[in-house]
Amino acid sequence: MLLPKIAPRRGALPHRSTAIDADDTALLLTAPKGPVASDQATASDQFAEQSGAEQWVNLGGAPVKLMDFDKAVSEILGRAHNGEAKPLGVCSANLDHIQHFGRGSRWSGTLDQPGPVEWLTLLDGAPLVAEAGRITGSAWPRLAGSDLVGPLLDQAVRRGLRVGFLGGSPQSQELIRNRFSQERPGLAVAGWWAPERSVLGDVSASSRLAAEIAASEADILVVGLGKPRQELWIAEYGQLTGAKVLLAFGAVVDFLAGRITRAPVWVSTHGMEWAWRLMLEPRRLARRYLVDGPQAYFTLRMSSTAALPSSVPGSRDVIPGTKAPAVPEHGPSRGPGSFLPAASMADVAVIVVTYNNADDVQALVSSLRGETKEQSLKVVVADNSPDDLTMAELARHPDVVAVSTGGNLGYAGGINAAMRMAGAADAYLILNPDLRVEPGAVAALRRRMALSGAGMVVPVLLDDDGSVYPSLRREPGVLRALGDAALGGRVQGRPGWLSEMDFDPGSYHHAHCVDWATGAALLIRADATRDVGDWDEQFFLYSEETDYCRRVRETGRSIWFEPSARMWHERGGSGTSPQLTALMSVNRVRYAAKYCGRRTLAAFTAAVLVSELVRLHKPGHRGAALAVLDRRRWQGLPHATRGGQSPMSDEPPPSGAVIIPAHNEAAVIARTLESLKGVMAWGSVEVIVACNGCTDGTEAIASTFPGVRVLSLDAASKTEALNAADQATNRWPRLYLDADIEVSTGALDSVLKALDGGPLLAARPAFRYDTRGASALVRSYYRARSRVPGNAQGLWGAGAYALSRDGHDRLGAFPALTGDDYYVDRLFAAEEKAVLPTEPVVVRTPRTRVSLLAVLRRSYRGNAQQDGQDSATTSRTVRELLSSVRGPFSAVDAAVYAVFAAAGRRRPLLVRKPAAAWERDDSSR
């Protein structure tokens, strides 16, 4: 059957029906089944008589231009014929449009700000027609894309305009070609494109597609990709196609092919077209009409006004077509690849907080130097590290402003310290030290900030395997907390009100407004930093960015995500620990306590508790649940520490003892004692070095440190050294420290306070592996080991653990066993011991394969002495190792770990004899 000539449906009079109209992309595709009803033509004439003008109105948070049919056709054709600097994007506003682009939606404000495409949003859908009539007191017609496309194609023939078609299936496009050859033989078709969805989500592939369209010299491009994909694609790539007008008309290709039946006129005029479409396609449209439709209708009724909406809360009122603001420029930094001093005005001041990041800062600084070609930068680093390794690495870059904080102020405290040193800038870029900035990323963030008027812009973060890290977040709430508690990372397609994390891949393809994002990379306007103030240091490690982003929004400013700004983020570290898990949960409660009322706080706390209870079988969550229930445990969680003082300056420093058994440790003992100078300055902690069988000058070196008590024992026995030191002091609690392990002032403070009269009997600080200088296989082994939670849960493995008086009473004397830390760990239940991650001690790993095998054999021999081969522990480790695999790189690491573990277990299970003197790894000394 031939496609009939398409007459424009000139829109019925608006009515007060509250029925939810279908008018989504599917309804733009239905063809009229007969001549236009005479009452519709009369209604259009009445509109023309009483109006004759055009008007912008806010419908559900979307700006809509009210106009009659002829005016709309004339404006579109005028732009297609004459063209302007920007192409014109045309879309229809219906309930589906409100669902995707209205107030509170994911893409809110995306089409309403100055950009490379100017948007004309037309009125469509009975509920929107009725709302426009209520607001303006005038009758306005519906301007559905399905009605506009026929007259536009007819006029394109008369004016000699070239038309291209993007979307639909190849079969549908073939049907249209056949119809056009008979009905519109004079239409100049520029081309047909039916891209796969994967092409539309790929920047390079979409750019190539746009270039191909540009080569066809299309004047009008009919884009039928479905909402919101078609509008988002046009907004990002429309200018590259060379088309003067791009029509976002849903699956109009299928409509022109005659594959979709149009609703009868009487159905449409009574606002029941949604029921007609639902009847024809219930599987595809049920969610849109029955779930999303009511929500969109509520937004329409609650958020519609005569005034144009701001593009986003707090930004400028934007009418499509206004000129985009230019990115402010002060010129590039002085000299190629150099940074400005802190006293100079810069486009961007980069703020970095480091903690044991000597291995990371070189890559970050190098990537930032490339960004100085487009704008002026200065880089300010606040170092929280307990040693001077990071500062020494930064000293290689004299144009980087780096200052040691003298303690561990946490992430928020470090940012505040760096901001006070940073001086004036147009914007401040907060970066994690383990990031690498792709070329052009900083300029892309600044362009988005200028276009949107946002107070903050965040980039896309890529993991080391190239995958996109889901960094975007929604405002925390009770239902979202319950959804995450029940489902975690599963069912990633669940509604946004059931998840705080945004898992949808589409969210990371296009720029849009967000609630907040992880704090690894944030560009903040200078005026926003002044209005918001300091970062809240009570959060220390987690939730500080949630709090800061909320305060940015409360100033009326928006936060935008910019996908063209790409940064690589290495997410690693020392693994997990019970205290780390507890801190994350407790800070969520702290955040709710800061902003919620009593009842909401109670509900949110219960939701967080549920999240921990359903995960009690996983390491660390039992302690987290107890911390949520008992606020007294919060004092033992990580907190800021400053210099050699107790973290709470108005409290006396803790007391206790540090016991260091040492056998020929001349190469490392000074390094360890240097890390304890701040602790010894308190005067309340006794440091004892128990030298046993030393022949290399260890005693002499230790004796040079004021305040250190040195014991001299003849036998080279770690067990005798530990017991002798216990007899030499009466102070509690006690930290037992290997001679090659450095511990910071803050770490020791946290451990001693956690064991001073609290419920814990044993504890240790967190640790991190230092693999510098190690072979590739050794580094691979320790990367995998860091990903296995069970390896970071016990008191063993860190070279440091502490006991309270009651805990030591349970121990008694140290037995003659290899692996004293493993022995002590087995004496206590999970709720009696804890790992405190505030100040990780540094564990220097073996450097060679042979040294690593020797260490593993000693460790497994000690385990075998105490309990034989623990099959339950082995099977748990295997499960955790397999679950840690996230890609090919982590799979290789896991395989290396398994091979070393198997090789290390071979001998110790056959040899069971105590060692009078313990073995050690000399390759790391």
Side-chain angles (χ1 to χ4, degrees), residues 328-437 441-443 445-446 456 519-530 532-535 537 544-545 548 567 640 642-643:
E329 293 289 351
H330 293 292
S333 293
R334 298 179 301 188
S338 64
F339 305 126
L340 295 179
S344 298
M345 177 68 182
D347 293 328
V348 178
V350 180
I351 304 298
V352 183
V353 179
T354 55
Y355 183 86
N356 292 329
N357 293 113
D359 294 339
D360 302 315
V361 291
Q362 176 62 42
L364 173 62
V365 172
S366 297
S367 66
L368 286 171
R369 292 197 184 281
E371 299 298 278
T372 60
K373 298 177 182 178
E374 299 186 66
Q375 59 261 310
S376 57
L377 300 182
K378 52 186 170 182
V379 179
V380 181
V381 180
D383 182 37
N384 283 331
S385 302
D387 56 39
D388 60 357
L389 296 178
T390 303
M391 289 294 292
E393 187 67 26
L394 289 169
R396 299 170 56 188
H397 305 276
D399 55 350
V400 171
V401 181
V403 177
S404 174
T405 63
N408 185 1
L409 309 186
Y411 194 59
I415 291 175
N416 291 336
M419 288 289 289
R420 286 189 285 271
M421 298 183 294
D426 286 336
Y428 296 85
L429 178 59
I430 312 296
L431 292 181
N432 269 13
D434 57 353
L435 285 173
R436 287 182 291 111
V437 179
V442 176
L445 292 174
R446 296 178 63 226
M456 181 186 293
L522 310 169
L523 181 70
I524 313 169
R525 293 174 66 98
D527 56 357
T529 64
R530 290 191 294 269
V532 175
D534 285 348
W535 289 60
E537 298 183 21
E544 65 273 87
E545 71 265 56
Y548 194 86
M567 300 184 185
R642 301 177 185 272

So which heavy atom on [X] is nearest to which on [Y], and how close?
{"X": "Leu340", "Y": "Ala346", "answer": "CD1-CB, 3.9 Å"}
{"X": "Val380", "Y": "Ala418", "answer": "CG1-O, 3.6 Å"}
{"X": "Ala425", "Y": "Ala526", "answer": "O-CB, 3.1 Å"}
{"X": "Ala427", "Y": "Leu523", "answer": "CB-CD1, 3.7 Å"}
{"X": "Leu431", "Y": "Met567", "answer": "CD2-SD, 3.8 Å"}
{"X": "Glu537", "Y": "Asn416", "answer": "OE2-ND2, 3.0 Å"}

Before you tell me yes or no, could you show the steps for Leu522 and Tyr428 under side-chain contact (heavy atoms from CB on, under 4.5 Å), namely the whole-Å CA-CA distance, both residues' side-chain angles and the distance that decides it to 0.1 Å? CA-CA 8 Å; Leu522 310 169; Tyr428 296 85; over 6 Å; no
Without swapping roles, check the side chain of [X] against the backbone of [Y] for a donor-acceptor pair under 3.5 Å.
{"X": "Thr390", "Y": "Asn357", "result": "yes"}
{"X": "Ser366", "Y": "Gln362", "result": "yes"}
{"X": "Tyr548", "Y": "Asp534", "result": "no"}
{"X": "Thr405", "Y": "Gly407", "result": "yes"}
{"X": "Asn384", "Y": "Tyr355", "result": "no"}

Verify whether one side chain among Glu371 and Ser367 offers a donor that lies under 3.5 Å from an acceptor in the other.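 Per modelled atom types, Glu371 and Ser367 side chains form no pair under 3.5 Å.
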Where do Thr354 and Asp383 land on the side-chain hydrogen bond (donor to acceptor under 3.5 Å, both in side chains) test, with the steps shown first? CA-CA 5 Å; Thr354 55; Asp383 182 37; 2.7 Å; yes
Test side-chain contact (heavy atoms from CB on, under 4.5 Å) on Ile351 and Met419 and set out the steps. CA-CA 7 Å; Ile351 304 298; Met419 288 289 289; 3.7 Å; yes
Please identify which of these residues, Leu377, Val379, Leu445, Val352, meets the side chain to side chain contact (heavy atoms under 4.5 Å, CB included) condition with Leu429.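 Exactly one candidate clears the test, Leu445.
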So which of Leu435, Val437, Val348, Val400 actually passes side chain to side chain contact (heavy atoms under 4.5 Å, CB included) with Leu368?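 With Leu368 as partner, side chain to side chain contact (heavy atoms under 4.5 Å, CB included) holds for just one option, Val437.
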Between Asp347 and Lys378 (salt bridge meaning N to carboxylate O under 4.0 Å), is one present in this structure?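 No.
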Test Tyr411 against Glu545 for side-chain contact (heavy atoms from CB on, under 4.5 Å), laying out the working first. CA-CA 10 Å; Tyr411 194 59; Glu545 71 265 56; 5.9 Å; no
side-chain contact (heavy atoms from CB on, under 4.5 Å) evaluation trace for Phe339 with Val401: CA-CA 9 Å; Phe339 305 126; Val401 181; over 6 Å; no
Working to the nearest 0.5 angstrom, can you tell me the gap between [X] [atom1] and [Y] [atom2]?
{"X": "Ile430", "Y": "Met456", "atom1": "CD1", "atom2": "CE", "result": "8.0 Å"}
{"X": "Glu393", "Y": "Asp359", "atom1": "CD", "atom2": "CG", "result": "8.0 Å"}
{"X": "Ile524", "Y": "Arg530", "atom1": "CD1", "atom2": "CZ", "result": "12.5 Å"}

Does the side chain of Arg446 come within less than 4.5 Å of Glu374's, by heavy atoms?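 Contact flag for Glu374/Arg446 side chains = no.
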